[in-house]
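Numbered from 1 within each chain, the chains take letters A, B, ... in sequence-line order.
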2 protein chains.
Amino acid sequence: MKKQSPRTRRHIRTRQAILDAALSIVHEDGPDGLSMRTLADRIDYSPAGLYEYFGSKEEIIAEVCDEGHRRLAAYMLEVESSLSSTDYLYGIGLAYIRFALENPDHFLLMFSSPQMAGDAPEDALPQDSESSYGILLHGIERGIDAGAFHVRPGFGLSEMGYAAWTLVHGMAMLRVTALRDVPLDLDAADHQALLNFMRGLQAA
Amino acid sequence: MKKQSPRTRRHIRTRQAILDAALSIVHEDGPDGLSMRTLADRIDYSPAGLYEYFGSKEEIIAEVCDEGHRRLAAYMLEVESSLSSTDYLYGIGLAYIRFALENPDHFLLMFSSPQMAGDAPEDALPQDSESSYGILLHGIERGIDAGAFHVRPGFGLSEMGYAAWTLVHGMAMLRVTALRDVPLDLDAADHQALLNFMRGLQAA
DNA sequence: CTATAATTCCGAACAGTGTTCGGTTTTGGA
DNA sequence: TCCAAAACCGAACACTGTTCGGAATTATAG
């Protein structure tokens, strides 16, 4: 399992250049600005040449989405783990929303299409500690272990994680779609919604 | 303000036929199946003829989205208003999700694009009792008036409405995108998430 | 009833899209 | 050195939304 030949090395390099250019275009001009021709132009290739590296445009977009999920997870990993369990979970939620607000087109691309999203749902949601959902689950687990969150029949870690995910996802999604340009203090509203969520977790 | 001439009557009739056909195509083949040519074919028109009734494809889609919001509101209006305030609000949330699950493509079309959605956000969200959000607000107001939901500083009707909307929207959105085809009992998870939300509202 | 004007409708075309194919050049290994 | 594989591109195909010119239809005014 050594290094590859210079050819395959260039291959993966230009492959990455394609993905980088695709991501740039999405961030600059939105998903509609991403065409095989503009993409090829940016890296001085012919449109046909791209098909030497990807089977279709959808494949490229799928990889852009994967990168998005990695970055989303990175946002969530930035939260200080020294915080109290409630503050920590609160920070996780804010990080999710912040990623959406700072990368609206990327976020929309990741979660607007029925497929996308690297979900390998065998019989459960991805619990690996490097995926965004896994990090979220970890935050809740901390609260449970600390006795801050109250587990009850039918409402354990999984259900709490689902509830938290849907809440922050709904806030993020609405703020980049229907509530874009609404002149209200949605940060404050998010704050209150998260507090209310945790009140439910803490209730005896 | 009498009836119109037979010409304008035909005009609005074919106009409606276009919208009906567009909605059918979205439901049958998804948004990608909706092209000006397939749309024109279905009502025995030429593609160019459509531009006598709509300025662009986007205009047509915008009206399809408007119709979607009306139908979403209709789902929520079906909830028995004789229920207790908590059961009523619970039903409202389920109706929102049910609409998304039964009309995934239509729902995605309504909430995937940054613009869309008939949001006239002057300085607040639409509170009219015929919009989906207005109905949701009404459900929460009932709980407040009945003393079931506890108002606190910074967390009044508006904030509760926002929190409820984002929660059900997140559940609906994820279930038609990332969580599509996940073999889990998400209905049960939705149930628990809604219960947890209300626990927060009820907490003293 | 007859001109005239407005509306309705379509064929054809334009610029753009993703993708495929054939052929040419470049490269790596035997 | 020779050959095969990989890389790359020009041209084309089928599709998209949209525009334009003209023809057919319909309503209105004289």
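The side chain of A:Y53 contributes an N or O atom lying less than 4.0 Å from OP1 or OP2 of D:dC8. A sub-4.0 Å separation between OP1 or OP2 of D:dT16 and a side-chain N or O of B:S35 is present. Between A:Y45 and D:dC8 there is a side-chain polar atom (N or O) within less than 4.0 angstrom of OP1 or OP2. At D:dA6, none of the side-chain N or O atoms of A:H11 fall inside 4.0 Å of OP1 or OP2 (strictly under the cut-off).
Note: CZ (A:R13) to C1' (D:dA7) measures 14 Å, nearest angstrom. C:dG16 atom C1' lies 16 Å from atom CG of A:L39, rounded to whole Å. In this structure, the CE atom of B:M36 is 19 Å from the P atom of C:dG16, given to the nearest Å. A:E52 places its CD atom 15 Å from the P atom of C:dG22, with the value rounded to the nearest Å. Rounded to a whole Å, the CD atom of A:E58 is 8 Å from the P atom of C:dT19. Between the CD1 atom of A:I18 and the P atom of D:dA7 there is a distance of 11 Å, rounded to whole Å. Atom CD1 of B:I25 and atom P of D:dG17 are 10 Å apart (whole Å). We find that CG of A:D32 is positioned 13 Å from P of D:dG17, with the value rounded to whole Å.
Looking at heavy-atom distances under 4.0 Å, A:L34 makes contact with sugar-phosphate atoms alone, never a base. Contacts of B:L50 with the nucleic acid, taken as non-hydrogen atoms under 4.0 Å apart, are absent. B:D44 comes within 4.0 angstrom of the backbone, heavy atoms only, and of no base.
A:R142 forms no cation-pi arrangement with A:F149, by the criterion of a distance under 6.0 Å to the ring centre and an angle within 45° of the ring axis.
Residue whose closest nucleotide on DNA chain C sits further toward the 5' end, between A:Y51 and B:T14: B:T14. Taking the nucleotide of DNA chain C with the nearest heavy atom to each of A:K57 and A:R10, the more 5' of the two is matched to A:K57.
Aromatic ring centres of A:H106 and A:F111: separated by at least 6.0 Å.
The neighbour count for B:E102 CD, taken as heavy atoms of other residues, nucleotides or ligands under 6.0 Å away, is above 12.
Contact of A:R37 with C:dG18 (side chain to base): a donor-acceptor pair of N or O atoms is detected under 3.5 Å.
For A:A48, the side-chain atoms get nearest to C:dT20 when compared with the rest of D:dT18, C:dT19, C:dT20.
The two residues B:A21 and B:R42 come nearest to each other via the heavy atoms CB-CD, 3.9 Å.
Side-chain contact, A:Y53 with A:T14: a donor N or O sits under 3.5 Å from an acceptor N or O.
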